[in-house]
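In what follows, residues are counted from 1 in the order of the sequence shown.
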Amino acid sequence: MTTSASAGRTAARDDIERAHLVDPTDRTWSIARAAVSPDLADLARRFWIPVWDVPAGRDSVQRVLQYPVCLIVVSDTYARLYGVVSGLSHTMLTGRGWAVGIMLQPAAGHLLTAEPVRRMTDRHVDLTTVAAVDGAALTQGVRSAMGADPTAPEAQARAREVVEDSLRALLPVDDEGLLVNAIVEDVETSPELLRVDDLCARFDIGERTLQRLLHKRIGLGPKWLIRRRRLQEAADRLRHSGAELAGIAVDLGYADQAHFTRDFRMATGMIPGEFASRFR
């Protein structure tokens, strides 16, 4: 699957991730997305491979309300493991380039770092410093695969294989990791879930235990997790529907439209109406 900013309103809902606050007028990049192999489903969610060509003197800023997971990204100039960004993630694209990224599962960050993932919140490290994988070999393999033509499907497939082969050393995922995967999936797929105590009840877990688990495995707590899902859902609805802001606010559990507007602006730098107008 490949998407670009030029796809605009004609794109299917699944083609543009709700986390990516895409500017529909920016035609300087495209993104190919692909699923991971089934045996890695407990470790990773999906690949994304952006390729860009930004004219001289311009730049393209990619803004993302990141999912509650760590990321591995290899480009022609850097290779990094990213922790969860608590606010709005910004990536500046300039010139010509490419990157191969894999969105991990919530369980994976701790398996890679062997320490509480809260130490990775809002930061990244060079992939060669991550002891759980051979970062140098992974980086070299991806760059070798992508070097000739980063837009070629066969090159992207070879790069994905390199990443997957490196990650298989982390299998099988531990029981605690499987639990945190299930908790995060439940939050992300349950729009009616608005309170931490309701989440605790679903998994028969105390709030303090849940807090410790999430800080260890994703780096942030349950209130942040629920708020991030609401903001991503808000961006998706604003992008694709003509619903009134007051109705969106009520559906997402905000006390009123003003509260929703403040929360969205703090997270994205835009008021909801401004964001929605870019897709009309």
For the student: nearest non-hydrogen atoms of [X] and [Y], plus distance:
| X | Y | value |
| --- | --- | --- |
| P68 | V184 | CG-CG1, 3.6 Å |
| L220 | L214 | O-CB, 3.2 Å |
| V36 | E164 | CA-OE2, 3.3 Å |
| A267 | L231 | CB-CD1, 3.5 Å |
| N181 | A107 | OD1-N, 2.9 Å |
| L88 | T268 | CD2-O, 3.5 Å |

Please round to the nearest 0.5 Å and tell me the distance separating atom [atom1] of [X] and atom [atom2] of [Y].
| X | Y | atom1 | atom2 | result |
| --- | --- | --- | --- | --- |
| S37 | L43 | OG | CG | 11.5 Å |
| L127 | T139 | CG | OG1 | 5.0 Å |
| H110 | E176 | NE2 | CD | 6.5 Å |
| L104 | R46 | CG | CZ | 11.5 Å |
| K223 | L199 | NZ | CG | 13.0 Å |
| I205 | I183 | CD1 | CD1 | 5.0 Å |

Next on the checklist: Tell me which pairs pass salt bridge (charged side-chain N to carboxylate O under 4.0 Å, His left out) where either residue lies in residues 197-212, with sequence neighbours left out.
Outcome noted: D186-R202, E192-R202, R195-D197
Next on the checklist: Can you tell me which residue among I72, L81, L138 is in a side-chain contact (heavy atoms from CB on, under 4.5 Å) with V130?
Outcome noted: L81
Are [X] and [Y] linked, directly or through other ILVMFWY residues, by side chains that come within less than 4.5 angstrom of each other?
| X | Y | value |
| --- | --- | --- |
| V54 | V51 | no |
| V142 | I31 | no |
| W52 | M146 | no |
| L65 | M120 | no |
| L225 | L179 | yes |

Does some side-chain heavy atom of [Y] sit less than 4.5 Å from a side-chain heavy atom of [X]?
| X | Y | result |
| --- | --- | --- |
| C70 | V117 | yes |
| R230 | F264 | no |
| I218 | Y67 | no |
| R168 | D39 | yes |
| L71 | Q66 | yes |
| T113 | V125 | no |
| L171 | L40 | yes |
| W29 | S60 | yes |

Checklist entry - Should the ring pair F260 and Y254 be called parallel, tilted or perpendicular, given that the plane angle runs from 0 to 90° and is split at 30 and 60? => result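 Aromatic pair F260/Y254 classed tilted.
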Checklist entry - Any Lys/Arg nitrogen of R158 or E154 sitting under 4.0 Å from an Asp/Glu carboxylate oxygen of the other? => result no
Next on the checklist: Between R217 and D174, does any NZ, NE, NH1 or NH2 come within less than 4.0 Å of an OD or OE carboxylate oxygen?
Outcome noted: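 Yes, this pair counts.
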Next on the checklist: Atom CD of residue position Q140 - does it have more than 12 heavy atoms of other residues, nucleotides or ligands inside 6.0 Å?
Outcome noted: no
Item to check | Test log, rule side chain to side chain contact (heavy atoms under 4.5 Å, CB included), inputs W98 and I49 | outcome: CA-CA 7 Å; W98 56 266; I49 302 179; 5.6 Å; no
Checklist outcome for this item: So the ring-ring contact (aromatic ring centres under 6.0 Å, His included) pairs with at least one residue in residues 180-236 (sequence neighbours excluded) are none
Item to check | D236 and R239: CA distance, side-chain angles, deciding distance, side chain to side chain contact (heavy atoms under 4.5 Å, CB included) verdict | outcome: CA-CA 5 Å; D236 188 55; R239 182 187 292 116; 3.9 Å; yes
Look only at the side chain of [X] and the backbone of [Y], and say whether a donor-acceptor pair between them is shorter than 3.5 Å.
| X | Y | answer |
| --- | --- | --- |
| H90 | Q62 | no |
| R228 | G87 | yes |
| T121 | G219 | yes |
| R118 | G221 | no |

Checklist entry - So, T94 and D59: side-chain donor and acceptor under 3.5 Å apart, yes or no? => result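 No, no side-chain donor-acceptor contact under 3.5 Å.
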Checklist entry - Under the side chain to side chain contact (heavy atoms under 4.5 Å, CB included) criterion, do L167 and I102 qualify, and how do the steps go? => result CA-CA 11 Å; L167 290 179; I102 185 166; 3.7 Å; yes
Item to check | Derivation and outcome, side chain to side chain contact (heavy atoms under 4.5 Å, CB included), residues V162 and V100 | outcome: CA-CA 11 Å; V162 171; V100 174; over 6 Å; no
Checklist entry - Does the salt bridge (Lys or Arg N to Asp or Glu O under 4.0 Å) test come out yes or no for R229 and E233, once each step is laid out? => result CA-CA 6 Å; R229 191 266 306 156; E233 178 68 17; over 6 Å; no
Next on the checklist: The criterion is salt bridge (charged side-chain N to carboxylate O under 4.0 Å, His left out); which residues satisfy it with R45, sequence neighbours excluded?
Outcome noted: E188
